[in-house]
Enquirer: 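I'd like to ask some things about the structure below.
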Amino acid sequence: MGKLRDIFLGDPAPKGSGRREFLQRGAAAAAAYAVLGSRNAEAGEPNPEAAVQNFLQEAEDLVAVYKKEFFSLSTKEQVDGMPDLFFFALLTLKQVDTMRDGFLKKFGSGILQLLEMAAKVDEGLRVSFLNMLNRFDCYGLVYRHLHEKKSYLNRKNFIPAVFDKEAHFRARATDFLPDGGEVLDTEIDPRIGQLDQSFAHHEEVKQTIIDFPGWTKPERQRQFREVISEPEVRAVLTQSDCTLAEAYSLVKAVIRYRELHPQSRIANADIAKDLLQKREVFKQEVIAGPETDQFIYFGYGSPLEPFRFDPELLLPTVNKVMRRPVGDAVETKEETDKRITTISGNDELGGGLDLRKKIWESRGKTTVYIDTHGAPSEMGLNSYGKEFNRITVAEVAHALLTRLLNDGDRDTLVQCVVVFEACYSYDFQGNLLAKMKEIYGSRNENYGQSLAEKIGIPFEKILLPTIITSAQEGSVSYGGMTRDLQTNYTSLGPITGEYLLRRVQPKVYESADIVFFLHGRGEWDEIGAGDRPAETVSV
């Protein structure tokens, strides 16, 4: 194996040369070794195992180059001592893109040839091969290869079961986007796959489909497949950096726009372009970072549900990313904690009221993170079956509008990000917008006039907050967004909208599609909406 690598790629180690030189040296030879390197030097017979192993070694060498570049590691011992899983967990999204670009430049079309050979090796080696593609964010190339072989729908025969839905939904549309005939019913509405008698909640699934047909409707399924098959729409999506999860969500948003604007003559591709432009703005939104002045967390630690709701699991991540520079150092944890408010506890008084007060008293860049049980009209906590600390749509609307009234800045709400990690959060935000409009235009007995009259501008001129909901219309939430930030977020950079789009949404898409609403004047613009009905797990 070593001899083959020397013949086709030269000395595998960079030996002090930079990444550019290493890539240039390997790029021209990569496609050649994928084919020629697969032949046994003595017998001249194809040897897929040798080719795949050669690739894995070269890819590991490339990982070592990036380890040294990204973390300024000066010795081989330091590079070798950093576990790959730890290294990949620390990567920023920009670094992921850098590695992906370098990987594609080095191996090019040789990857597709290697995929052909990977079908002939044992499952263990194939798992290692596919894992490497996934690490370099090139997993979609597997699907492109299978599509060209007309075997995409039979992909389970090639892809071992260890690859979960996250790897699937995180594949990039620029590498591969299924056409209408290749999208599974369960990818449009996952409940369809839960109707089997072996699924523990199959009776509940049946009922939710009756109550909320959503994307199980034959007409909706047909529309989805038609839109994703349109050449113009496909061109828009495959030229973006969308994951499959984002692409599917955007296709649903196009259909939803059509339903809400039946007289519109805007082409589907132009609707998709507009959604992607809004998405680019949302990617820059900071959910928590050094510029965040206040982070208000409404949740609690219940002995019955400690993993999802315990603020002690989420807030250390928030504290870490919010620390501000102080000279050549950063502020202490205690200093950062002064900008973080936790509203929880097990008393029946205070929680909801405290949250409202913190919102209307807040100033500057503020994130409100509500991590509770939810319903379309209210959210709240419970413990041992006893509900308390509830907050209604009207109360959240009042709190936001009171901040607007009390702050001299009439654009103050645009500095707010409100996260609803709760069941029916999509429905809650829709009711919240309606309630804000209602309260704003109604005369208030305390003021003797409406807020519109007191503030002096119409509601349509007010810049509203950015809203993030963890569930689609009529859906429950599994707490996946909070869970990811608790356990998987290891970057020292701020938590941004881009991270939620590119990393969290694919992880939860199978069961609870996150929806993002970008701040607008008098409204918030939905940039990834579907009409996903209720799921089946009670929370």
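The structure presented is a predicted model; accordingly, all values stated were derived computationally and were not measured.
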Enquirer: Ring centroids only, cut at 6.0 angstrom: are Tyr66 and Phe70 within range, meaning strictly under it?
Expert: yes

Enquirer: Closer than 3.5 angstrom, by distance alone: can the side chain of Lys252 be matched with the main-chain N or O of Phe224 as a donor-acceptor pair?
Expert: no

Enquirer: Can a donor-acceptor pair be found between the side chains of Gln57 and Asp61 at a distance below 3.5 Å?
Expert: yes

Enquirer: Answer yes or no: is there a side-chain heavy-atom contact under 4.5 Å between Arg503 and Arg170?
Expert: yes

Enquirer: Kindly determine whether Lys507 and Asp484 satisfy salt bridge (charged side-chain N to carboxylate O under 4.0 Å, His left out), including the steps that lead there.
Expert: CA-CA 9 Å; Lys507 291 179 182 178; Asp484 181 84; 2.4 Å; yes

Enquirer: Could you tell me whether Asp101 and Lys94 have a side-chain N and a carboxylate O separated by less than 4.0 Å?
Expert: no

Enquirer: Output yes when a side-chain donor or acceptor of Glu230 lies under 3.5 Å from a complementary backbone atom of Ala269, and no otherwise.
Expert: no

Enquirer: Using atom types as modelled and distance alone, determine if a side-chain donor or acceptor of Arg225 lies under 3.5 Å from a backbone N or O of Val183.
Expert: yes

Enquirer: So, are Glu259 and Arg256 salt-bridged, with charged N and O less than 4.0 Å apart?
Expert: no

Enquirer: Are the side chain of Gln505 and the backbone N or O of Arg502 linked by a donor-acceptor pair below 3.5 Å?
Expert: no

Enquirer: Could you pull out the closest heavy-atom pair between Ile287 and Gly497, with the gap in Å?
Expert: CD1-N, 3.5 Å

Enquirer: Do any pairs count as a side chain to side chain donor-acceptor pair (under 3.5 Å) and have a residue in residues 273-283, sequence neighbours left out, and if so which ones?
Expert: Asp241-Arg279, Asp241-Lys283, Glu246-Arg279, Asp274-Lys278, Glu280-Lys283

Enquirer: Given 3.5 Å as the limit, does a donor-acceptor pair link the side chain of Asn268 with the main chain of Val254, or not?
Expert: no

Enquirer: Does the gap between the ring centers of His168 and Tyr143 come in under 6.0 Å?
Expert: yes

Enquirer: Is any side-chain heavy atom of Glu60 less than 4.5 Å from a side-chain heavy atom of Met132?
Expert: yes

Enquirer: Using a strict threshold of under 4.0 Å (side-chain N to carboxylate O), is an ion pair present between Arg155 and Glu182?
Expert: no

Enquirer: With no hydrogens and no angle check, is any side-chain donor or acceptor of Arg144 less than 3.5 Å from a backbone partner on Asp175?
Expert: yes

